[in-house]
Amino acid sequence: MHGVRPIFVLSPRLSPRHLLLALLLPLFFSATGTQALNRSPSQFLVDHYGREQGLPSETVWMARQGPSGYLWLATRRGLVRFDGLKFTVFNSETHPAFSNSDVRAIEWTVDGQLWIATYGGGALRMNGDRFTPVTSDDGLASDTVYDIHVAANSSVWFATGDGVSRFRDGEFRSWDRADGLATNRSVRIAETAEGTLWFGSLTNGLSVFDGEAFRTVGVAEGLDSPEVHLLHRDRELGVLAGTQRGGAYRLADDGHIHPLALGDPLPVETLLRDGDNTLWLGTYGKGLWRQWEDGRRSAFPLAGTQLIFDLTEDRDGNLWASTVKGLFRIRSSAFLPFGKAEGVSDSTFVVTVDSEGHALAGAENAGLFSIAPDGSTREPFPILSGQSVSSLLLRDNGELWVGTFGDGLKRFADSAGGQFLGTVDGLAGKHILALVERRDGSIWVASDGGVDRWHDGVVQPAPVQQAVADTLVRHFRETSDGTLWLGTNDGLFAWNGRSVQHWSGDDGLAGTIVMAIHEDPRGILWIGSRDGGLTRREGDTLFAFGPAQGLPQPSVLAILDDGAGRLWLSGGEGLTWVERDSLDAVARGDAQAVRARLLRESDGLRAAQFQGGFQPAGARGPDGRLWLPTNGGVVSFDPSAVLAPAPQLQSHIEAVRVNGEPVPLRRPLILPADLKSLEIDYTAPQLSNAESLRFRYRVGTAGPWQDAGGRRTAYFTSLPAGKQRFTVQAAAGPGAFPETNGNSARLVLERRPRWYETPWAPLGGVLLLCLAFALAYRIFARRARDREQRLEELVNRRTQELQAALAKVEEISRIDSLTGVANRRYFEERLAATWKMAARAARPVSVIMLDIDRFKQYNDNLGHQAGDECLRQLAASLGNSGVLRDNDLVARYGGEEFVILLYDADGDGAARVARRIIEHVGALKLRHPESDISPYVTVSLGCATARAGELDDPYALVDRADQALYDAKRAGRGQLKVFADVS
């Protein structure tokens, strides 16, 4: 064995287990992790909604979840309904019932009505989709309303700018300062469990109403300030009041106040006790705070604002903060991240968990981090700071082995202390990728140099070294039968103690870069590849899973079994869970696709890009939590919490447009007979992850469902006459839609029939047919002759049209479709006819052959579309140049060749025409980057002339012109050659 160099030495009197605890215990509040985990603000998911997201105003005074699941907002620019994805605004611009759009408060009654307080426009009552305004003309104390409270006896109270009002049994009654109110301008209302009402003001303290009279409670009665900002009923502490100076008080039914010690004074504006019994404090100018039962308090930063008006929690556990800078949603995901913000590096490579629930995470260029069960984090070994920890191994004897990327292997043990193993100690490489402890106590090490075996302090090349010499080993797994499996960049290897077996893509592996290997309790092996998918090995049978089998992503970097029949596969695009039974069913051929889902940032992950290629790339803790490294830190989660049933969804139909125009939503909805388009907007309020919702709808009770995906509008261009029912359902994520109609929304549609769709239409049709027959019989004789004459005229006209059409077809058949000049077929017809005519008249005939120089290079450089355009421009210039006579013919002979037929033109005349064509083409200045003749397109021409008696065949004249063209090309192109008979 090569020398082992100790970094530091611990007392040999400590046992291995005691040593590990000695290293880790100082880092945590308790070794057992019994203290409750308190998430840091960075571990929450915080979403901001402002004007860019659809809010009419950044100032949000209040938020409340309604009976139907919507979140309703009171804003400076109106009442807003939010389904988790879309904001719908109700204000003076959209509904005439609003005389003022500054909505300050909202309150629901037991029977589902919504009361709305406005600043200057009185109050409104919403029942269904109808708004009814209530103002001072109806008995309200003032049209400036700050708060609304529905009392236990169903009375509705209003805090206004000129007193308080009560609405009961359809009548208003009001009180002001003369009746004992501290001030006419009350801004808050709260009610004790016994029915005592308290009213708060910003100038004169509190007022208490015992059912008969008002009494003032101010500084003289014990308040530290008359400026009361908080008035709230807590489920445990009762009605609380808070002042601008930070005083906190519990308000009793007898009208007395009792100071509360809630910590350092804060100007609390709103208070909320969430489902975990944590107090959230929204302040006037001091931001948002959390306070636990033991009195600890910490600030919770919200970007850009310190002024919190209201806090509320919805039925899904989301916390909503209404602020001067918009609306904030705060939720605790089932995924718990530990990254830079929590004291761990964002870029983590590997993670492992010991038997007591302490996690160790190795990071790139940052060393090793420990995470206690209570969530506290530390760096246990400063000696590793700045190093890339790429592999971890917690041995059964308590030793910790840490592999690094570039700095070798470090061993922390009681007998050897902190030790270093490098290439001088026998390791094949310094970049450690994987570690495994085998049953015989040996440790196998995979590095960039190969695979080594450490046993009893001796490092030697592993028996598989030669077999894997040409690849990179990334993962080890020793299975229950003692076989050691190796995942490599070149497939899967197995060592049974005697020989090595190898599998690649040709043998059925889903991918050749194997990143993870997992053995399930049945002995079935699961192999994950970087970009090929998942492979199942049972016996000698391999089955590959990819997108075709329903696997949502191709990369599998780690495989974790949650012990409940599911595999969790990390990858480069997110985290996949898949039911193991469905994998088995697909492998057996009993199913076509697996039951799986891909989880991403929208599902609560901070980062959906997971890390792999180093071991271990995932771990399961003793409490069942799974741990995985990502590029946003290590993430921990309870699989059962991630897979908790989605909140119950309820679909709603929000709006209807008929022929493009909005119509009131009535049941049944009467549609016109001339229906051209019908649009139905629907939704399902989901305040946690609305982006994951899918919808389907249908018309009728037995018709097929139309899968709409995430679309929230149904479109119809026609519907049958009569009544039919429109039904829409929602589902969360990729799960199945509900089999029952419990969460469905329905709308009865009734399209009025057209006259021919009515019951009496068949009888009317028969009567009309009889009448038409009688009328036709009476006028038949009189109109027979006229019909015969018209028929004759029609036949003549159709004959003429047919002749014209045939002529047109004949003309088209003679035209080259690309250039618009005559084609070769028509040229040959004209050549024969011209030759005969010239023979009779003893006149000469000339032929000019034209070819575009270096046209192939033109096409190759500029493309075939440019080449076609060049041909078109050249053909057009030949026809419009004025060089040719009306009876001369230009034709495309083939490819880039053209031919000109000249009747009654001698050799000199034909040569003059050819030279003018050369000049005219040059004047076009069509650029030719690849020509060795000119920067512009040039042509070569060959000319020949003959009389009919001189040649037996007119095609011999064409051959002569073609020979002259060849001479022009051979002479350097871009010129004319005239055929000379040298025989």
Side-chain angles (χ1 to χ4, degrees), residues 7-8 20 23-28 39-43 335-354 357-394 399-412 418-422 427 429-435 445-448 474-475 515 557-558 570 572 575 605-619 621 625-637:
I7 301 298
F8 59 88
L20 190 59
L23 291 171
L24 298 178
L25 273 175
L27 309 180
F28 311 124
R39 290 177 180 253
S40 66
S42 60
Q43 291 174 312
F335 296 102
L336 187 64
F338 294 91
K340 185 176 181 180
E342 295 79 28
V344 178
S345 173
D346 281 343
S347 183
T348 52
F349 281 162
V350 288
V351 62
T352 189
V353 186
D354 70 9
H358 304 92
L360 292 173
E364 181 181 18
N365 296 324
L368 186 67
F369 296 90
S370 59
I371 305 169
D374 66 358
S376 59
T377 62
R378 286 286 298 275
E379 185 178 3
F381 301 112
I383 192 172
L384 296 172
S385 295
Q387 296 184 9
S388 293
V389 174
S390 54
S391 188
L392 293 171
L393 173 63
L394 277 171
E399 291 181 356
L400 173 65
W401 290 59
V402 180
T404 69
F405 199 74
D407 292 301
L409 180 63
K410 294 180 174 56
R411 171 191 177 201
F412 298 94
Q419 295 179 335
F420 169 77
L421 292 173
L427 288 182
K430 296 187 295 184
H431 301 308
I432 311 301
L433 305 178
L435 294 166
V445 182
S447 69
D448 59 331
R474 293 184 174 277
H475 190 85
M515 310 291 273
L557 306 179
S570 66
L575 177 64
L605 283 167
R606 174 187 289 175
Q609 182 175 333
F610 288 81
Q611 302 283 17
F614 303 99
Q615 188 177 6
R625 294 183 69 86
L626 304 184
W627 295 76
L628 290 162
T630 78
N631 64 353
V634 66
V635 62
S636 169
F637 62 95

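Positions are given from 1, in the same order as the sequence printed here.
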*asked:* Measuring only between side-chain heavy atoms, which start at C-beta, is His358 closer than 4.5 Å to Pro373?
replied: yes

*Take the angle between the ring planes of Phe614 and Phe405 and call it parallel below 30°, perpendicular above 60°, tilted in between.*
perpendicular

*Is a side-chain donor or acceptor of Gln43 paired with a backbone partner of Pro337 at a separation under 3.5 angstrom?*
yes

*Hey, does Leu557 have a side-chain heavy atom less than 4.5 Å from the side chain of Gln611?*
no

*Less than 4.5 Å apart, any side-chain heavy atom of Leu392 and any of Val402?*
yes

*Is there a donor-acceptor contact under 3.5 Å from the side chain of Ser388 to the main chain of Thr404?*
no

*With side chains defined as the heavy atoms from C-beta onward, is the minimum distance between Ile432 and Leu427 less than 4.5 Å?*
yes

*If you look at every heavy atom in Arg474 and Ala434, which pair is closest and at what distance?*
O-CB, 3.5 Å

*Measure the CD-CG distance between Glu379 and Leu368 for me, rounded to the nearest 0.5 Å.*
8.0 Å

*Of all heavy-atom pairs between Trp627 and Gly621, which one has the smallest distance, and what is that distance?*
CD1-N, 4.4 Å

_Please check this pair: side chain of Arg378 against backbone of Ser370, looking for a donor-acceptor N/O pair closer than 3.5 Å._
no

*Looking at Ala619 and Thr352, what are the two nearest heavy atoms and their distance?*
CB-CA, 3.8 Å

_Leu605 vs Thr630 side-chain heavy atoms within contact, under 4.5 Å_ = no

*Dump the intermediate steps for side chain to side chain contact (heavy atoms under 4.5 Å, CB included) on Val351 and Ile371, then the final yes or no.*
CA-CA 10 Å; Val351 62; Ile371 305 169; over 6 Å; no

*Without hydrogens or angle criteria, can the side chains of Asn631 and Ser347 be said to hold a donor-acceptor pair below 3.5 Å?*
no

_Are the side chains of Thr348 and Phe338 in contact, using a 4.5 Å heavy-atom criterion?_
no

*Check: Gln615 main-chain N/O paired with Ser391 side-chain donor or acceptor under 3.5 Å*: yes

*Where Ala617 and Ala558 come nearest, the two heavy atoms and their spacing*: O-CB, 3.3 Å

*So do Leu433 and Asp448 actually touch side chain to side chain, heavy atoms under 4.5 Å?*
no

*Using ring pair (Phe, Tyr, Trp, His ring centres under 6.0 Å) as the criterion, point out the one residue from Phe381, Phe420, Trp401 that pairs with Phe412.*
Phe381

*Given the rule in the side chain to side chain contact (heavy atoms under 4.5 Å, CB included) test, do Val389 and Leu360 qualify, once you have shown the distances and angles that lead to the verdict?*
CA-CA 11 Å; Val389 174; Leu360 292 173; over 6 Å; no

*Where do Phe349 and Ser390 come nearest, in terms of heavy atoms and distance?*
CD1-CA, 4.2 Å

*Hey, does Val635 have a side-chain heavy atom less than 4.5 Å from the side chain of Phe335?*
yes

*Considering all heavy atoms, the nearest Ser447-Gly429 contact*: OG-N, 3.1 Å

*Can you tell me if Ser42 and Ser40 form a side-chain donor-acceptor pair at under 3.5 Å?*
yes

_Asp346 side chain vs Lys340 backbone, donor-acceptor pair below 3.5 Å_ = yes

